[in-house]
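Both counts, for ligands and for their atoms, begin at 1 and track the order of listing. The model shown is predicted, which means the values in this text are computed figures rather than measured ones. The basis for the numbers below is simple: all heavy atoms, side chains too, and nothing from hydrogens, waters or symmetry mates.
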Amino acid sequence: MKAFVINRYKGPLEQVDVPEPVVGERDVLVQVRAAGLNQLDEKIRAGEFRQILPYKLPLILGNDFAGVVVRVGARVQAFKPGDEVYGRPDKDRIGTFAERIAVAEADLALKPASISFEEAGSLPLVALTAWQALVERGNLRPGRKVLIHAGAGGVGSIAIQLAKHLGARVATTASASNADFVRELGADTIIDYRSQDFEQVLSGYDLVLDSLGGENLQKSLRVLKPGGKAIGIAGPPDPAFAREIGLNPVLRLGITALSAGIRRRAKKLGVSYEFLFMRANGDQLRQITSLIDGGALRPIVGRILPFDQTVQALQELEKGGLRGKAVISNA
Ligand SMILES: NC(=O)c1ccc[n+]([C@@H]2O[C@H](COP(=O)([O-])OP(=O)(O)OC[C@H]3O[C@@H](n4cnc5c(N)ncnc54)[C@H](OP(=O)(O)O)[C@@H]3O)[C@@H](O)[C@H]2O)c1
């Protein structure tokens, strides 16, 4: 089958013929109809994750898909050939920029019936990120105040909608040209990050979802009320994450050092910092399916490119300027 692989870190993404996926007894073989692009794909290509996600090369890139079940392993119960599904494969089994992929049954859900394959393929990674940040870690409830950075982006555009669905009051940062767009998604307070300093405008927040890191994260700590929480998805990683993914003691120490400064600053302010690296989860995806089909969430697809143009699509992701997600279509 055709797939887009890297043969070495920092090397080009290339279309090649690869063997068919091996389907384990709890796996589902999916014909990929659409694959969302993520910044993670480019970061993996550039080797930024080689310490914490040590992939065997050559590696098929791609972390999101929607498609049709071709066949299932002997012990699969919830899916059958012909089912329309979507998902984010486990971090150790990525590879959705391909004609087919074998995915663990536990990481899959039925695709929302009300949306296209391209829309469904745009969702799993960003929607699960938003869910795990706002619901699982953030415990967001009606009336709580949340700041969601980069509201016009892939994660932000879903996180704003989910936070509103949960009854929260939502502030977001975006370019002035995206102000109307993020307002329509549900943002109550909009900060033009190019001309305003969000730290001067916002205070007393319960939760921040930070997708930029660095100074943005440091400032974010200062808009929280005491007891508030900043969840960082652009880093730095924290000791809990190092434990969770089973890193060796040397790497664990390194990671502890990376986030020592921000954790110290958070403690001084009486707030907390947690790093989130989202994970595959079919159960959470089923809840997201209900929200989509119930009209509480809608996918935001800014661009669709054909499968043959996967290389260009990844390059264009770097240029930015997109609302929501870019998706590869292999209809
Ligand atoms: N740890 C995890 O599990 C996880 C999961 C998902 C994503 N991530 C990471 O989170 C980051 C965001 O991901 P994404 O998919 O949402 O990216 P994206 O769709 O490429 O986000 C781009 C958005 O960032 C906005 N932006 C740029 N600079 C900004 C600033 N200074 N302040 C506020 N907004 C700014 C842009 O807004 P305008 O267009 O309005 O200018 C644009 O809409 C990436 O680094 C990604 O790797 C991590």
For Leu125, the ligand 1 atoms whose distance to one of its heavy atoms is below 4.0 Å: 5 (C), 6 (C)
Sub-4.0 Å atoms of ligand 1 with respect to non-hydrogen atoms of Ala174: 40 (O)
Pair Phe307 + Phe4: ring centers closer than 6.0 Å: yes
Protein contact to atom 3 (O) of ligand 1 [nearest heavy atom, distance to 0.1 Å]: Met278 N, 2.7 Å
Spatial distance of atom CG (Leu207) from atom CG (Leu224) [nearest 0.5 Å]: 7.5 Å
Nearest neighbour in protein (non-hydrogen) for atom 45 (O) of ligand 1: Lys43 NZ, 2.8 Å
Contact check, Gln132 vs ligand 1, heavy-atom distance below 4.0 Å: no
Over 12 foreign heavy atoms within 6.0 Å of CZ, Arg286: yes
Asn178 neighbourhood, listing ligand 1 atoms whose heavy-atom distance to it stays under 4.0 Å: 38 (P), 39 (O), 40 (O)
Closest protein heavy atom to atom 7 (C) of ligand 1, given as residue, atom name and distance to 0.1 Å: Val155 CG2, 3.7 Å
Heavy atoms of other groups near Gln200 CD, more than 12 under 6.0 Å: yes
Salt bridge (charged side-chain N to carboxylate O under 4.0 Å, His left out) evaluation trace for Arg263 with Asp238: CA-CA 9 Å; Arg263 286 182 290 117; Asp238 63 5; over 6 Å; no
Phe275, any N or O under 3.5 Å of ligand 1 N or O: no
Atom 31 (N) of ligand 1: the protein heavy-atom neighbour that sits closest, reported with distance to 0.1 Å: Tyr193 CD1, 3.4 Å
Lys219 bridged to Asp197 by N-O distance under 4.0 Å: yes
Ligand 1 atoms in contact with Leu212 (distance to a heavy atom under 4.0 Å): 28 (N), 29 (C), 30 (C), 32 (N), 33 (C)
Heavy atoms of other groups near Gln51 CD, more than 12 under 6.0 Å: no
Shortest protein heavy-atom distance from atom 12 (C) of ligand 1, along with the residue and atom involved: Ser211 CB, 3.8 Å
Criterion side-chain contact (heavy atoms from CB on, under 4.5 Å) against Leu123, the qualifying member of Ile115, Ile300, Asp64: Ile115
Region of Ile233 that comes within reach of ligand 1 [heavy atoms, distance under 4.0 Å]: both
Shortest protein heavy-atom distance from atom 24 (O) of ligand 1, along with the residue and atom involved: Ala150 CB, 3.5 Å
Within 45° cone of Phe117 ring axis and under 6.0 Å: Lys111 NZ or CZ: yes
No-hydrogen, no-angle side-chain donor-acceptor test under 3.5 Å, His149 and Thr172: no
Under-4.0 Å heavy-atom contact with ligand 1, by part of Leu317 that carries it: neither
Per-atom contacts of ligand 1 with Leu276, taking only distances under 4.0 Å to non-hydrogen atoms: 1 (N), 2 (C), 3 (O)
Polar proximity ligand 1 side, Gln39 side, N/O cut 3.5 Å exclusive: yes
Subset of ligand 1 atoms that lie under 4.0 Å from at least one heavy atom of Arg194: 41 (O)
Nearest non-hydrogen protein atom, atom 38 (P) of ligand 1: Ser175 OG, 3.3 Å
Parallel, tilted or perpendicular, as decided by the 30° and 60° cut-offs, for the rings of Phe277 and Phe49: tilted
Numbered atoms of ligand 1 (with element) below 4.0 Å of Thr129, judged on heavy atoms: 5 (C), 6 (C)
Atom 23 (C) of ligand 1 [closest protein heavy-atom partner, distance rounded to 0.1 Å]: Gly153 CA, 3.8 Å
